[in-house]
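The following block contains the structure, expressed as structure tokens.
These figures come from a predicted structure and were not determined experimentally.
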Amino acid sequence: MRKAFRSLLMLLGAYLIQCTILPYFKVNGVMLDLISITLYTIGFSMGYYAGVMAGFFEALVLEVVGGDLPGLTSVICVVAGALGAYVAVRVGKIHKVGNRGLERTIKQFAPMVGVAIFGAAKELVYLAYFYLTGVTIGFSHFFRVIIAGVEVLLLSVVLIPVGYGLLMRKPKEKAAKEMKDPNKEIEKRAVENWPAIGVLPVEGRTEE
């Protein structure tokens, strides 16, 4: 329940910042996509179900207030949450025998690269949509795709570890109780240390 409440606060906070502050910080007409990063982080931290449900909730909010592209915005929100969960599963299966340093580096930064690719792909989808509706697309428009990806990559380096830590943080009483259970020790260390060393617990994650 605590995770669901934290997720809700993160989504509402991302929406408010996206609508009130970020429009003043556009680069070449591209606004930083904080909502997609937040949805991706929730899916990455809590799994497919949480990611998809968060996507549906955020899509509902955007549709109610009047999104720019009804329908397409909803699909993008759901895909962002599901993609985060997919990347978490794939990252958890990465093993570089004999090269633990490379393995840790990949696990630490693969989530950021994944959401950056998503951010660039999202901008590309928008360009395709505008082209099909009759808008003339030039080279400068494709440059927006690169800008969108770089913006998301830079911000996600900070936001994903912070969001992951907030979502997976446990009450002190529960943490102390699990410390007494040897079977929970490995999972607890992985949850706490992922932002630093790139160790992600995939199996055994539960939603509250």
Side-chain angles (χ1 to χ4, degrees), residues 3-4 6-19 22 30-94 106-107 109-133 137 141-142 144-164 166-168 200 202 205 207:
K3 292 180 182 179
R6 292 170 191 164
S7 299
L8 179 62
L9 291 180
M10 288 176 60
L11 290 172
L12 293 177
Y15 171 75
L16 292 175
I17 294 174
Q18 184 91 36
C19 295
L22 294 184
V30 179
M31 182 168 61
L32 183 61
D33 192 0
L34 182 60
I35 291 177
S36 291
I37 297 176
T38 303
L39 291 170
Y40 180 94
T41 301
I42 292 174
F44 180 81
S45 304
M46 299 171 59
Y48 282 107
Y49 179 77
V52 171
M53 292 304 296
F56 275 122
F57 173 79
E58 195 71 9
L60 178 62
V61 172
L62 293 174
E63 295 292 349
V64 168
V65 299
D68 296 333
L69 301 174
L72 181 58
T73 300
S74 300
V75 173
I76 289 175
C77 287
V78 174
V79 171
L83 179 63
Y86 173 78
V87 171
V89 173
R90 299 299 300 176
V91 167
K93 294 180 179 180
I94 295 176
I106 294 175
K107 287 185 175 183
F109 293 104
M112 295 73 172
V113 174
V115 73
I117 293 175
F118 175 81
K122 176 183 175 180
E123 191 67 26
L124 190 60
V125 168
Y126 283 156
L127 290 182
Y129 176 86
F130 293 141
Y131 176 78
L132 293 175
T133 57
I137 302 298
H141 291 90
F142 287 99
R144 290 163 56 97
V145 175
I146 299 176
I147 294 177
V150 172
E151 284 184 345
V152 171
L153 176 63
L154 294 177
L155 190 61
S156 65
V157 170
V158 176
L159 290 185
I160 292 180
V162 171
Y164 184 89
L166 290 174
L167 290 171
M168 304 306 291
L200 175 68
V202 176
R205 289 187 299 175
E207 300 181 21

OH (Y86) with more than 12 external heavy atoms under 6.0 Å
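For Y86, atom OH is not crowded (no more than 12 foreign heavy atoms under 6.0 Å).
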
Kindly say whether P111 contributes a backbone atom to a donor-acceptor pair with the side chain of Y40 at under 3.5 angstrom?
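Checking the backbone N and O of P111 against the side chain of Y40, a donor-acceptor pair under 3.5 Å is found.
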
Would you say L39 and V78 make side-chain contact, with heavy atoms under 4.5 Å?
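They are not in contact (no side-chain heavy atoms under 4.5 Å apart), so the answer is no.
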
Taking only residues two or more places apart in sequence or in another chain, which ones pass side chain to side chain contact (heavy atoms under 4.5 Å, CB included) with L60?
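Result, side chain to side chain contact (heavy atoms under 4.5 Å, CB included) vs L60: V64.
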
Would a 4.5 Å heavy-atom cut-off, applied to side chains only, mark E58 and S36 as touching?
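The answer is no; the side chains never approach within 4.5 Å.
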
Quick one: side chain to side chain contact (heavy atoms under 4.5 Å, CB included) partners of L16, sequence neighbours excluded?
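Scan of L16 (side chain to side chain contact (heavy atoms under 4.5 Å, CB included), adjacent residues dropped) gives none.
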
Side-chain contact, heavy-atom cut-off 4.5 Å: L72 with Y126?
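Yes, side chains in contact.
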
Any heavy-atom pair between the side chains of L167 and S7 that's under 4.5 Å?
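They are in side-chain contact.
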
Considering residues at least two apart in sequence or located in another chain, which fulfil the side chain to side chain contact (heavy atoms under 4.5 Å, CB included) criterion with I117?
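I117 satisfies side chain to side chain contact (heavy atoms under 4.5 Å, CB included) with V113 only.
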
For residues 148-156, run the donor-acceptor check on the side chains, cut-off 3.5 Å, and write out each pair with its distance to 0.1 Å, sequence neighbours left out.
residue, atom, partner, partner atom, Å
S156, OG, V152, O, 3.0
S156, OG, L153, O, 2.9

Quick one: list whatever passes side chain to side chain contact (heavy atoms under 4.5 Å, CB included) with Y131, sequence neighbours left out.
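Here the qualifying residues are I137.
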
Applying salt bridge (Lys or Arg N to Asp or Glu O under 4.0 Å), which residue pairs with at least one partner in residues 45-54 are found, sequence neighbours left out?
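Of all non-adjacent pairs touching residues 45-54, none passes salt bridge (Lys or Arg N to Asp or Glu O under 4.0 Å).
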
For E123, enumerate each residue passing the side-chain hydrogen bond (donor to acceptor under 3.5 Å, both in side chains) test, keeping only those at least two apart in sequence or located in another chain.
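Testing E123 for side-chain hydrogen bond (donor to acceptor under 3.5 Å, both in side chains), a comparison that skips the adjacent residues, returns R144.
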
